Amino acid sequence: MVAVSENLIEIQADIERAAERAGRNKEDINIIAVTKYVTIERAKEALSAGVANLGENRNEGFLAKFEEIGESATWHFIGTLQSRKVKDIIHHIDYIHSLDRKSLAKEINKRSQKTVSCFVQVNVSGEESKHGLAEEAVASFIKELAVFENIRIVGLMTMAPHVDNPEETRPLFKKLRLLRDYIQSLHLDYAPCEYLSMGMSNDFKVAVEEGATHVRIGTKLVGKEL
């Protein structure tokens, strides 16, 4: 398996070129190593290579890695989060990328002892297989979150369909960016909505060109072992 450090150099170069094409600063783009299909050792290798952010989408996988790695990483929960499992992870996680319903917000707010940075998940593609809110429901949902003092909406997240031609994802990423800009224009103290979590191994270059601040890269960065 190729060393994570080698993969990272290639990805960083791709991000730099994409940022340049869009007139953006490469420093504004955060790489999240998605480690759900790799061992704890491989996750540690990513940290050693210089990746600060690790992303997990299952409680069990996250807790196993957190036990070994702890606060050496900035932790992102990027998968569907069941309300009943919030209590297991809430004191260890730094960002939740999959807030998409009020019952989950209520549980996060109740269980946390500090402000939790959350991305609202949006189903921009409209695929039935994808989680997340419909575009038109996002603004009213975020307004409803004002009552939860422990929740801060830092951005929006989406998952684009896996397609052969990444260029096909561009309109979806652009839609999310425009929606983010609209939420920002509301000037809600608890929802600065600065960030865009979008783009994965196959389409992160297009996502960066369209404004991604957080790209979630698994296979291309750390590979797949499990």
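Owing to the predicted nature of the structure, the values given are computational and were not obtained by experimental measurement. Note that these values count all heavy atoms, side chains included, but never hydrogens, waters or copies made by symmetry.
- Side-chain atoms of W75 do not come within 3.5 Å of backbone N or O of F62 as any donor-acceptor pair.
- A 6.0 Å sphere centred on CG of N25 holds more than 12 heavy atoms belonging to other residues, nucleotides or ligands.
- Between E210 and R177 there is a salt bridge, since a side-chain N of the basic residue sits under 4.0 Å from a carboxylate O of the acidic one.
- V4 and I69 fall into different hydrophobic clusters, where Ile, Leu, Val, Met, Phe, Trp and Tyr side chains are chained together by heavy-atom contacts under 4.5 Å.
- Applying the ring-ring contact (aromatic ring centres under 6.0 Å, His included) rule to pairs touching residues 158-185 yields nothing, sequence neighbours excluded.
- Side-chain N or O atoms of N109 include one that pairs as donor or acceptor with a backbone N or O of N150 at under 3.5 Å.
- Counting heavy atoms from C-beta outward, H92 and F66 have side chains that approach closer than 4.5 Å.
- In terms of hydrophobic clustering, with Ile, Leu, Val, Met, Phe, Trp and Tyr side chains grouped at heavy-atom distances under 4.5 Å, L99 and M159 are assigned to different clusters.
- Ion pair R170/E167 flagged as a salt bridge, since at least one NZ, NE, NH1 or NH2 atom sits closer than 4.0 Å to an Asp/Glu carboxylate oxygen.
- The environment of E194 atom CD is dense: over 12 non-hydrogen atoms of other residues, nucleotides or ligands sit within 6.0 angstrom.
- Residue-environment remark: NZ (K106) stays at or below the threshold of 12 foreign heavy atoms within 6.0 Å.
- Between R17 and D14 there is a salt bridge, since at least one side-chain N of the basic residue sits less than 4.0 Å from a carboxylate O of the acidic one.
- Counting non-hydrogen atoms of neighbouring residues, nucleotides and ligands closer than 6.0 angstrom, the CZ atom of F148 exceeds 12 such neighbours.
- Here side-chain hydrogen bond (donor to acceptor under 3.5 Å, both in side chains) pairs that include residues 111-124, with residues two or more places apart or in two chains, are E107-R111, N123-S125.
- Distance check: L81 CG to I108 CD1 gives 6.0 Å after rounding to the nearest 0.5 Å.
- Annotation: side chain of K85 is not in contact with side chain of R58 (no heavy-atom distance under 4.5 Å).
- Here the side chains of L156 and I142 are in contact, with some heavy-atom distance below 4.5 Å.
- Using a 4.5 Å cut-off on side-chain heavy atoms (C-beta onward), M198 and M157 make no contact.
- Minimum interatomic distance between T169 and P161 (heavy atoms only, all atoms of both residues): CG2-O, 4.0 Å.
- Distance check, rounded to the nearest 0.5 Å: NE2 of H131 to CG of D100 gives 7.5 Å.
- Under the 4.5 Å side-chain heavy-atom criterion for Ile, Leu, Val, Met, Phe, Trp and Tyr, V215 and I9 are members of distinct hydrophobic clusters.
- Note that CG of L188 is 9.0 Å distant from SG of C193, once rounded to the nearest 0.5 Å.
- Applying the 6.0 Å contact sphere to CG of N165 captures more than 12 heavy atoms from other residues, nucleotides or ligands.
- Contact record, I78 with G55: CD1-C, 4.2 Å, taken as the closest heavy-atom pair.
- Within a 6.0 Å sphere centred on NZ of K65, heavy atoms belonging to other residues, nucleotides or ligands number more than 12.
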Could you go through E45 and R42, starting from their C-alpha distance and side-chain angles, then the distance that decides it, and tell me whether this counts as salt bridge (charged side-chain N to carboxylate O under 4.0 Å, His left out)?
CA-CA 5 Å; E45 187 187 333; R42 189 73 168 171; 3.0 Å; yes
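- Looking only at distances, a side-chain donor or acceptor of N30 sits under 3.5 Å from a matching main-chain atom of T213.
- Within a 6.0 Å sphere centred on CD of E149, other residues, nucleotides and ligands contribute more than 12 heavy atoms.
- Interatomic distance, SG of C118 versus OH of Y190, reported as 12.5 Å (0.5 Å rounding).
- With respect to R21 and E209, a salt bridge is recorded, a charged nitrogen being found less than 4.0 Å from a carboxylate O.
- Using a 4.5 Å cut-off on side-chain heavy atoms (C-beta onward), E56 and T35 make contact.
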Applying side-chain contact (heavy atoms from CB on, under 4.5 Å) to T80 and S98, what does each step give before you reach the verdict?
CA-CA 6 Å; T80 302; S98 49; 5.7 Å; no
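- Note on V154 and V86: separate hydrophobic clusters, where clusters join Ile, Leu, Val, Met, Phe, Trp and Tyr whose side-chain heavy atoms are under 4.5 Å apart, directly or indirectly.
- Within the 4.5 Å cutoff, no side-chain heavy atoms of V51 are placed close to those of L47.
- Between the NE2 atom in H76 and the CD1 atom in I93 there is a gap of 8.5 Å [rounded to 0.5 Å].
- Using a 4.5 Å heavy-atom threshold, the side chains of I217 and N7 count as separate.
- Linking ILVMFWY residues whenever their side-chain heavy atoms come closer than 4.5 Å, directly or via other members, places F77 and L145 in the same cluster.
- Considering only heavy atoms from C-beta on, Q184 stays 4.5 Å or farther from P192 through its side chain.
- Between D203 and A160, the closest heavy-atom pair is OD2-CB, 3.8 Å.
- With respect to E10 and K220, a salt bridge is recorded, a charged nitrogen being found less than 4.0 Å from a carboxylate O.
- Although no hydrogens or angles enter the test, the distance criterion places no donor-acceptor pair under 3.5 Å between the side chain of R216 and the main chain of V34.
- The two atoms that bring R180 and Y195 nearest to each other are CG-O, 3.9 Å, heavy atoms only.
- Atoms CG and CG, on L54 and D94 in that order, are 10.0 Å from each other to the nearest 0.5 Å.
- Taking the six-membered ring where the residue is Trp, F119 and H97 present parallel rings, their angle staying beneath 30° rather than reaching 60°.
- Smallest separation of non-hydrogen atoms from A191 and I183: O-CG2, 4.4 Å.
- Looking at every heavy atom in both residues, E127 comes nearest to K130 through OE1-NZ, 2.9 Å.
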